[in-house]
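Taking it in order: structure first as structure tokens, then the write-up.
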Amino acid sequence: MKTYISKLPILTLTLSALLFFNCGTKEQPTESIDKPNNSPNIILFVSDDHGTDAIGAYGNKVIKTPNLDQLAAEGVRFNNAYCTSASCAASRSVILTGLYGHATGSYGHVHDYHHFSSYDNIKSLPVLLENSGYETARIGKYHVAPESVYHFQKVLEADPRNTVEMAEQCEDVLNSDKPFFLYFCTDDPHRGAPFESDPWNTPNSFGNKEEGYEDVETITYDPKDVVVPSFLPDSQESREEIAQYYQSVSRIDQGFGKLMKMLKETGKDKNTVVIYISDNGMAFPGAKTTVYEPGIKLPCIIKDPLANIKGGSVNNALISWTDLTPTILDMADVTYDSNDFHGKSFKNILSKENPKGWDEMYASHTFHEITMYYPMRVVRDKNYKLIRNIAWRQEYPFASDLWAASTWQEVYRSDKEFFGKRKVKDYLFRPEFELFDLSNDPDESENLANDKNYAEVLEALKNKMKDFQLKTKDPWLITWDHDNSLQGTGVNL
């Protein structure tokens with residue numbers, strides 16, 4: 001394994017440059033140009049808190065997702081696709097810019113008192129496509145700011161949990177005379193219940209309504225039949241919440257199916273790229289807001305009728321959401337400078353099962369809610385994965401909806417020792433470094449960071465992480481030098 005930086009004596013000197021550097025894509029023309037009508041249309045369908053655990057195409061034999069499964073049967077399924085922050089707003093900023101949130105100011109949630117926003121000079125995917133002649137439209141969850149950076153020409157309105165209604169509102173866009181980019185974002189399967197002072201088995205935690213939604217079939221699941229992921233406790237509370245989660249995912253599938261039916265009726269399905277992803281993993285402790293695999297390893301299914309892809313293909317490349325913007329621009333044949341993005345286009349490897357040079361991935365999480373400061377940085381090199389918990393001396397903070405989850409409350413109130421395969425104390429109080437061999441330990445249950453047999457691996461991955469932070473102008477890079485400068489001084493951080 002190569003190492004790039006053995007020591008970083010320049011960290012303190014480079015901090016000023018990091019803080020005052022204006023990152024982002026280069027200025028683009030403010031006036032749009034005419035795009036040829038044969039340019040591909042692009043649909044980016046983003047669900048909210050949906051992991052690979054709850055989709056038939058990824059192996060779940062209980063959940064009913066026939067339309068998403070059909071997309072996989074006609075396109076390619078990525079087995080190693082990652083968001084870079086398991087938090088809604090932070091993840092969505094990455095999806096639409098190709099840049100890590102620590103470099104754009106998108107550190108966490110944008111709404112209410114959180115108010116994190118991207119820098120004004122950032123050029124986002126919809127703006128770049130509009131400047132290149134595309135009609136851009138969005139519907140459903142937005143959760144990025146400011147609007148001037150993430151501007152769409154059309155904003156469509158519908159109940160974001162009624163995905164069929166959402167699809168119906170897209171009719172004019174699908175029939176556009178211009179090539180279009182449709183950003184379709186559901187609220188499902190995000191938890192829908194408000195945070196309560198006495199959270200316990202909230203019956204509508206995933207927005208499920210007993211009467212169902214107009215035009216959407218209510219598909220229910222028996223808790224005894226659901227598949228409990230290994231990182232969760234196999235309790236009645238978990239099973240009941242997973243059953244609700246499945247119901248919410250089935251709503252997504254119906255809306256997706258409706259949208260695909262409408263697209264086919266326009267005759268544009270042969271010239272439309274369809275991408276299905278999620279912003280982060282399932283809304284359960286141990287997944288969402290963490291950088292463990294259930295939080296950041298997500299579904300990514302792509303159908304590109306113009307590419308030479310055999311239906312039902314799989315792709316094992318390690319990709320991340322930083323790669324989406326350059327890939328979509330590439331698909332749209334929009335000229336760009338690859339240096340403007342932290343990610344890179346994977347358009348040319350869509351049809352390859354095991355492409356070379358795609359065996360490394362990075363992640364960066366800083367905030368979820370503003371009260372949840374817990375910066376983490378991640379590097380995965382082939383099967384080794386290193387997590388650095390920068391604020392490791394503090395207790396791991398809970399998102400309000402995850403604290404309220406009966407799955408967590410059952411363990412917390414009963415003062416149980418384990419939450420899934422992890423001890424509760426180990427979930428709440430984490431070491432600075434967590435090193436895992438995913439090939440032998442997919443559950444990330446054995447930390448190898450203090451194992452002398454993996455000392456070289458640990459050091460190599462630390463250097464990769466520092467190099468990544470330096471290249472992406474991460475302000476938290478200084479914490480390496482800051483910690484080292486205090487060693488042996490008796491100062492407790």
Side-chain angles (χ1 to χ4, degrees), residues 48-51 53 83 85-91 101 107-116 143 189-207 228-229 231-233 235 237-238 240-242 244-245 278-296 363-378 387-432 434 444:
D48 197 356
D49 302 357
H50 184 198
D53 54 277
C83 69
S85 177
S87 178
C88 305
S91 180
Y107 304 129
H109 278 359
V110 303
H111 59 56
D112 298 329
Y113 57 88
H114 309 101
H115 202 57
F116 292 111
H143 218 203
H190 192 288
R191 289 176 181 268
F195 177 64
E196 300 173 359
S197 60
D198 187 26
W200 186 255
N201 199 22
T202 51
N204 295 320
S205 61
F206 287 90
V228 180
F231 71 93
L232 292 177
S235 63
E237 289 78 8
S238 289
E240 288 176 354
E241 288 203 311
I242 292 171
Q244 294 173 7
Y245 166 59
S278 171
D279 58 356
N280 50 250
M282 65 190 303
F284 285 76
K288 182 179 179 179
T289 77
T290 79
V291 289
Y292 296 131
E293 294 291 281
I296 62 175
S364 171
H365 176 93
T366 305
F367 285 92
H368 182 65
E369 298 159 15
I370 198 169
T371 55
M372 294 179 62
Y373 177 73
Y374 202 86
M376 298 172 284
R377 300 296 183 261
V378 178
I387 299 172
R388 183 183 179 217
N389 299 304
I390 297 173
W392 62 279
R393 294 170 181 85
Q394 72 183 47
E395 182 175 336
Y396 191 80
F398 268 83
S400 55
D401 58 338
L402 303 187
W403 175 260
S406 57
T407 298
W408 170 255
Q409 287 294 320
E410 185 271 333
V411 171
Y412 173 72
R413 294 191 177 195
S414 302
D415 197 24
K416 292 187 175 179
E417 183 179 7
F418 281 89
F419 180 82
K421 292 189 174 182
R422 282 190 177 86
K423 289 186 176 181
V424 171
K425 68 178 182 64
D426 293 335
Y427 183 77
L428 296 176
F429 298 97
R430 305 178 184 186
E432 181 178 9
E434 296 177 88
E444 300 167 291

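Just so you know, residue 1 is the first one in the sequence shown, and it goes up from there.
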Any donor and acceptor pair, going by atom type alone, linking the side chain of [X] with main-chain N or O of [Y] inside 3.5 Å?
X	Y	value
Asn389	Pro431	yes
Gln409	Trp403	yes
Thr366	Tyr107	no

Checklist entry - What pairs with Val424 under side-chain contact (heavy atoms from CB on, under 4.5 Å), at least two apart in sequence or on another chain? => result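 By the side-chain contact (heavy atoms from CB on, under 4.5 Å) rule, Val424 matches Trp408, Val411, Phe419, Leu428.
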
Checklist entry - Who passes side-chain contact (heavy atoms from CB on, under 4.5 Å) against Asp48, sequence neighbours left out? => result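 Asp48: side-chain contact (heavy atoms from CB on, under 4.5 Å) contacts with Cys88, Arg92, Lys141, His190, Asp279.
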
Item to check | All side-chain hydrogen bond (donor to acceptor under 3.5 Å, both in side chains) counterparts of Glu369, not counting sequence neighbours | outcome: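 Glu369 satisfies side-chain hydrogen bond (donor to acceptor under 3.5 Å, both in side chains) with Ser400 only.
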
Checklist entry - Centre of Phe418's six-membered ring, under 6.0 Å away, within 45 degrees of the axis: is that where NZ or CZ of Arg422 sits? => result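 Judged by the rule (NZ or CZ under 6.0 Å from the ring centre, within 45° of its axis), Arg422 is not positioned above Phe418.
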
With [X] via ring-ring contact (aromatic ring centres under 6.0 Å, His included) - residues at least two apart:
X	result
Tyr373	Phe367
Tyr374	Tyr396
Phe231	none

Please tell me if the side chains of [X] and [Y] come closer than 4.5 Å, counting only heavy atoms from C-beta onward.
X	Y	answer
His365	Ile296	no
Met372	Ser87	no
Arg393	Glu432	no

Checklist entry - What class does the angle between the rings of Tyr245 and Phe284 fall in, given that below 30° is parallel, 30 to 60° is tilted and above 60° is perpendicular? => result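 Perpendicular, since the angle between the ring planes exceeds 60°.
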
Next on the checklist: Less than 4.0 angstrom from a charged side-chain N to a carboxylate O is my criterion; do Lys416 and Glu410 meet it?
Outcome noted: yes

Item to check | Distance, nearest 0.5 Å, that separates NZ of Lys425 from CD of Glu395 | outcome: 13.0 Å

